[in-house]
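Heads up, the thing below is written out as structure tokens.
Keep in mind it's a predicted model, so treat the numbers as computed, not measured. Lettering follows sequence order; numbering is per chain, from 1.
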2 protein chains.
Amino acid sequence: MADPQTRFEDLMSKLRERQCRMTPQRVALLRLLASGTDHPSASHLYDQLKTQFHTTSLATVYKTLSLLDDMGEVLELGFSHGVVRYDANKPYPHPHLVCIRCHKIVDCECRTAACLAEQAAKQLGFQVVSHRLDFYGLCADCQNTG
Amino acid sequence: MADPQTRFEDLMSKLRERQCRMTPQRVALLRLLASGTDHPSASHLYDQLKTQFHTTSLATVYKTLSLLDDMGEVLELGFSHGVVRYDANKPYPHPHLVCIRCHKIVDCECRTAACLAEQAAKQLGFQVVSHRLDFYGLCADCQNTG
DNA sequence: GTGCTTGCAAACAGTTTGCAGATAG
DNA sequence: CTATCTGCAAACTGTTTGCAAGCAC
């Protein structure tokens, strides 16, 4: 996980370079995204924002996420059943552990994934620019609770 | 890729075991799914069915896909932007090459992926039951067309 | 002051559901 | 004959868009 404060300042300066305006809502959202404590969904982010701003909207969350996506500063993780989760703390491809019970998503250090990509794709003449590796199963907590 | 005819008969017998009725629409859909020539979306399957049955519906496609999903006989591949593609030819986890231009999805033989799963997850006390590995990039065709 | 951003509401797309009629077994 | 399946239409969910008012710069 990247350091939340460093990543927050990184996002701030990248948006400023783009002449984006730093509204309080946007700053709060960036701070949430940079924290890296979770891989939140859009509505989860909205719920957290609502505790700070009594008036705010899901549309604003989506607009900022889409802006960051265009800039390549957020990883959009689409799953089955229409579930989408975001990772703006570490926006480059990396393996994830996805708990099938509590739906927690944890980063997983795993050096060999990237070179596996190159190796596997070369066989089919495929030019790899990105990859995605998810492990599904039960996290330690969920294994211990029947 | 599994042999289409074998996989088709396999799906047929598994549905019969469940006392499912083999309507012409369902048989045609199973044949499409077993063919393994592509990793189609629901509406792509519907389009292909419409050429055989002038009256048919997307709801029927979804109902059969959901039935096969419950039986573990289809792999649901969710992507960003609400895109969902299905793989019923080889319904167990395996790596995919996803073309970011033409959106072709190709199976990729890659023996090391499964053991990588075990290895990586053991470090975090995560019990892996499934995995997903996608490589994104340009397929051979798209590299050769500007 | 300018024009980007917000937040509401309406539109939208993909998926799911309810139900009456059709049909496989 | 019976229970399942089909296919239509309506409901639903998550996301996107349009626009008037607000606010960062």
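- For the pair B/Leu67 CG and D/dC5 P, the interatomic distance rounds to 7 Å; values are reported in whole Å.
- Residues satisfying the salt bridge (Lys or Arg N to Asp or Glu O under 4.0 Å) criterion with B/Asp107, sequence neighbours excluded, are B/Lys90.
- A close approach under 4.0 Å does not occur between any side-chain nitrogen or oxygen of A/Ser57 and OP1 or OP2 of C/dC8.
- No engagement by A/Val83 is indicated, since no non-hydrogen atom pair under 4.0 Å with the nucleic acid exists.
- The side-chain hydrogen bond (donor to acceptor under 3.5 Å, both in side chains) analysis of residues 7-20 of chain B, with sequence neighbours excluded, yields the pairs B/Gln5-B/Glu9, B/Arg7-B/Asp10, B/Arg7-B/Glu73, B/Asp10-B/Lys14, B/Lys14-B/Glu73.
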Distances under 3.5 Å between protein N/O atoms and the N/O atoms of nucleotides 21-25 of chain D, please, pair by pair.
residue: D/dA24; atom: N3; partner: A/Arg21; partner atom: NH1; Å: 3.2
residue: D/dC25; atom: OP1; partner: A/Met22; partner atom: N; Å: 3.3

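- Regarding A/Arg18, its CZ atom lies at a distance of 16 Å from the C1' atom of C/dT5, rounded to whole Å.
- Considering only heavy atoms from C-beta on, A/Thr60 stays 4.5 Å or farther from A/Leu49 through its side chain.
- With sequence neighbours excluded, no residue satisfies salt bridge (Lys or Arg N to Asp or Glu O under 4.0 Å) with A/Asp69.
- Residues from residues 36-56 of chain A placing a heavy atom under 4.0 Å of any atom in DNA chain C, listed by number, are A/Thr55, A/Thr56.
- With rounding to whole Å, A/Phe79 atom CZ is found 16 Å from D/dG14 atom P.
- When the side-chain nitrogen and oxygen atoms of B/Gln25 are compared with OP1 and OP2 of C/dT23, none of them lie within a distance under 4.0 Å.
- Scanning for side chain to side chain contact (heavy atoms under 4.5 Å, CB included) contacts around A/Val106 gives A/Leu97, A/Lys104, B/Leu124, with sequence neighbours left out.
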Each nucleotide N or O in nucleotides 16-22 of chain C that has a protein N or O under 3.5 Å away: list the pair and distance.
residue: C/dG18; atom: O6; partner: B/Lys63; partner atom: NZ; Å: 3.1

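- Applying the salt bridge (Lys or Arg N to Asp or Glu O under 4.0 Å) rule to A/Arg132 yields the partners A/Asp134; only residues at least two apart in sequence or on another chain are considered.
- If you chain together ILVMFWY residues whose side-chain heavy atoms come under 4.5 Å of each other, A/Val83 ends up grouped with A/Leu75, A/Leu77, A/Phe79, A/Val98, A/Ile100, A/Ile105, A/Tyr136, A/Leu138, B/Val129.
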* Mind running side-chain contact (heavy atoms from CB on, under 4.5 Å) on A/Asp38 and A/Gln48 for me, showing each step along the way? => CA-CA 12 Å; A/Asp38 200 7; A/Gln48 290 182 275; over 6 Å; no

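- Residues in residues 2-37 of chain B take part in no ring-ring contact (aromatic ring centres under 6.0 Å, His included) pair, two or more places apart or across chains.
- A search for ring-ring contact (aromatic ring centres under 6.0 Å, His included) contacts involving B/His39 returns B/His96, not counting sequence neighbours.
- Among residues two or more places apart in sequence or in another chain, the side-chain hydrogen bond (donor to acceptor under 3.5 Å, both in side chains) test is passed with A/Thr56 by none.
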